[in-house]
Amino acid sequence: MSSFDDSEAFERASLSARAISARPMPYLDGLNPAQREAVEALEGPVLMLAGAGTGKTRALTARIAHLLATGTAQPNEILAVTFTNKAAREMRGRVGTLLGQAVEGMPWLGTFHAICVKLLRRHAELVGLKTNFTILDTDDQIRLMKQLIQAENIDDKRWPARMLAGIIDNWKNRAWTPDNLPEAEAGAFNRRGPDLYAAYQARLKTLNACDFGDLLLHMVTIFKTHPDVLQQYQRWFRYILVDEYQDTNVAQYLWLRLLAQSHNNICCVGDDDQSIYGWRGAEVGNILRFEKDFPGAKVVRLEQNYRSTGHILAAASGVISANKGRLGKTLWTEGEDGEKLRLIGHWDGEEEARWIGDEIEAMERGTRGMEAISPEGMAILVRASHQMRAFEDRFLTIGLPYRVIGGPRFYERMEIRDAMAYFRVVVSPDDDLAFERIVNTPKRGLGDKAMQKMQTMARTNGVSLIEGARLCLDTKSLTGRGAKELGLLLQGIARWRSMLTEAVPAGGDDLVVEMGTGDTLSHIELAEVILDESGYTAMWQTDKTPEAPGRLENLKELIKALESFDNLQGFLEHVSLIMDNEAEDGEPKVTLMTLHAAKGLEFPAIFLPGWEDGLFPSQRAMDEEGLTGLEEERRLAYVGITRAEEVCTISFAGNRRVYGQWQSQMPSRFIDELPEDHVEVLTPPGLYGHGGGMSASASPAAGMMRGSDLQEKAARADVYNSPGWKRLQANQGRRGMSQPRDGGNMTIDAEAISAFLLGDRVFHQKFGYGSVKSVEGDKVEIDFDKAGVKHVVGRFLVAADSAGDVPF
DNA sequence: TTTAGCATGCGAGAT
DNA sequence: GCATGCTAAA
């Protein structure tokens, strides 16, 4: 295929661009001077240093609009790269809005990976692939690595597949191929690293597949070894824009530099202070080095913040200023100072969750002279996803609607991956990894041993796994139930494949030639047929685990998602686009997510719990990366604070359950770095039982002592001013509390036991009827008839047997 | 071949 | 505290 068969499209696009250029430039309205500068400097390298909330996307899209509207570039001459599909979609939408739909889509606006797939399909043969290569996800990668580990006799205890796959990923992120691995790296696991890497790549090639890292790496290789190809793209992509430049890894950096080096029309947008993806290969160095890489670069700082109040910005600046080697920015706002950051310490994690739950309800009502905030406008940002559980438990208990962002992604769910593996097997006969996944799902009596036979058969005969399986049957090396089932499966696959070639786009109104068998199926019907006939649907229908109905739901969703594609192939290719599968019921919800997931988002009210050394900053980050790790954690803190528009509440707990063990926690060092002028220390008044009608709990000794302790310290300016006072205070608080805690517990127990006895029948507003399983403090463990075992607070329970309607 | 039961180990997660 | 992955028994 000729790579440059788009010259006609080129001409058409050029016409439409000229039409636009005659029009005014409304997209420039309302830009501040810095934004405008960044938008109008079209020629040469530009680094747009865009602090949090400074209108980065606005400037970036205006710049694209400007390139088009002035006729400087045609839509297909602009290469605009993002990291996520979401960002790409948003940018596309906003450019369209700015130009009033006048531009036919920009073909080269997309994620690094999406663009590389497009390019690589044109030049696949240059790296030994066919143009229809498949893209492996992380799961396939690990599966493949496991096979290699077995073949190479590697001790998978010492070198688990996941780890080796991770190492190779890292090498690819750094653009190291097996033959140019630095000596230091080549020494990894007894110098077998390069061999294993080479074997892995060879295996990919025979599978006609590549992994995510390869998409970039192969393109870099092609650009380096085929100057003619590179030059053509350099001519083609006359203007390059990069979003989130601080997140680029070495391979992405090289790719960009190669493409840009002839004309240097590259505009990178990013914020070194928001670089939080070092662990997956991002190099802050890329953005720090920009002016060296692109001499004569214009650096524009976007510093006017349109999101947060003065206090929030000041607090964030205070924290981030402790980092070294920043490019440096000073965020400012024309807005109000607003509320100070709020800081509060709690006894333990559950206490923290309870307080935040109450606080959310209070803010929803709009207490303390503050305007009411909808739950939609509130988010809790945690460092590690396991922290979410405490909040989920609490919110379920009090019936507070919430949503979790960043759970297992739709297409990562087991049932979705299984179903897609079935589709893959049908679409591409050589997809061994997909076949391996489904061959014994549902159970067909084909275990490890049968698998091994098929593998060996395939390998010795140099055929695909599916062919190997057939050979196993033909040669009778497999017998019994397994063989019978396998025969049926292979028959099925062959049949589905023949239907695939007959399948037509859904709703296609062309005249369809009826095939000999009669009806022609759409790809959607075919998908259903595959799942039904393979027994996969039946497997979940007979499954009695509580997840099964949900999984069937998801499969229906999957089938629905097929509607927007013409065929199964196209669907498999674009499967990542169905990620946003949040079933929205319109009810306003509080959002719960990790700090990483929150980058780029904003909320009126933000809660940042768990600011404790070891948890945040994460001990592991500090152990493994030292100061670098700590600085990345600090940037994470900066990202967290700057998500808040109006209120930001930071909290820590003195005790926390870590891996099922109680640990006492030290407040985060980042708390010490919060500038005191912008922080208000909260005390939880009557927290332990007397406020909010919480009559069932009673630990006044602990609660009150802690409260007054904090208050007293906060009132004394000299103590407040002394370095590390907050840590000190928390230490004293903990020492003061550890005594009364036991006593407090006894009180609680006495009271609670008088209320609930083991085996009591109870009723809960949300979970229905159940019986008491155990009592601990004011929390009662209930085995609900419908909802399963839950921990709930006594005051939400009503005895079911005796009085029936008398609450405690 | 499957499964139940115990040991192990743990971060954030786009593409 | 829980999910994952291995070994022992059905």
Side-chain angles (χ1 to χ4, degrees), chain A residues 81-88 110-117 135-142 146 156-157 160-163 166 169 172-173 210-217 243-244 247-249 251-252 275-282 349 381-390 393 405-409 411-412 414 440 442-452 478 480-483 485 573-577 579-580 593-600 610 614-625 629 632-633 635-636 639-640 656-663 791:
Chain A
V81 275
T82 63
F83 276 85
T84 63
N85 288 312
K86 193 176 157 217
T111 63
F112 276 101
H113 293 85
I115 289 171
C116 280
V117 173
I135 303 161
L136 304 188
D137 59 24
T138 317
D139 224 59
D140 298 321
Q141 256 177 293
I142 290 166
K146 273 194 182 140
D156 63 345
K157 289 264 168 49
R162 185 176 291 278
M163 183 192 187
D169 254 357
K172 290 185 175 178
N173 285 339
C210 66
D211 60 27
F212 287 125
D214 281 337
L215 296 175
L216 262 300
L217 188 53
D243 193 16
E244 307 281 13
D247 290 339
T248 49
N249 61 34
Q252 288 157 340
S275 164
I276 55 175
Y277 284 109
W279 50 273
R280 70 184 187 205
L381 311 183
V382 296
R383 174 63 180 83
S385 55
H386 60 75
Q387 289 172 261
M388 292 184 188
R389 193 143 94 242
D393 282 354
I405 306 270
R409 312 196 134 280
Y411 71 95
E412 277 170 9
M414 189 203 311
N440 200 29
K443 300 270 177 254
R444 296 193 173 90
L446 297 158
D448 287 349
K449 233 171 155 183
M451 199 64 235
Q452 214 122 55
L478 281 174
R481 173 176 168 235
E485 296 268 7
E573 177 110 323
H574 286 98
V575 75
S576 50
L577 295 176
M579 297 183 322
D580 316 308
M593 64 182 138
T594 63
L595 285 161
H596 283 90
K599 195 170 86 160
L615 184 59
F616 186 47
S618 135
Q619 192 57 51
R620 209 170 143 182
M622 295 188 289
D623 290 348
E624 287 173 12
E625 299 290 335
E632 183 156 314
E633 296 287 296
R635 292 193 288 268
L636 209 41
V639 166
R656 197 174 286 278
R657 249 181 133 112
V658 184
Y659 305 136
Q661 292 251 279
W662 280 101
Q663 263 185 23
H791 290 266

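Throughout, protein chains are lettered first and strands after them, A, B, ... in sequence-line order, and every chain is numbered starting at 1.
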Base, sugar-phosphate or nothing for [X]? Non-hydrogen atoms, less than 4.0 Å.
X        : result
A/Asp247 : nothing
A/Arg389 : sugar-phosphate
A/Ala450 : sugar-phosphate
A/Ser618 : base
A/Gln252 : nothing

Taking only side-chain N and O atoms of [X], does any of them lie within less than 4.0 angstrom of OP1 or OP2 on [N]?
X        : N      : value
A/Arg657 : C/dG1  : yes
A/Tyr277 : B/dG11 : no
A/Asn440 : B/dT2  : yes
A/Ser385 : B/dA12 : yes
A/Thr594 : B/dG13 : yes

Residue whose closest nucleotide on DNA chain B lies nearer the 5' end, A/Leu446 versus A/Ala597: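 Looking at DNA chain B, the more 5' nearest nucleotide goes with A/Leu446.
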Decide, applying a 5.5 Å centre-distance limit and a 30° plane-angle limit (both strict), whether A/Trp279 stacks on B/dA12. yes
message = Parallel, tilted or perpendicular, judged at 30° and 60°: which one describes the rings of A/His596 and A/Trp279?
response =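 Perpendicular.
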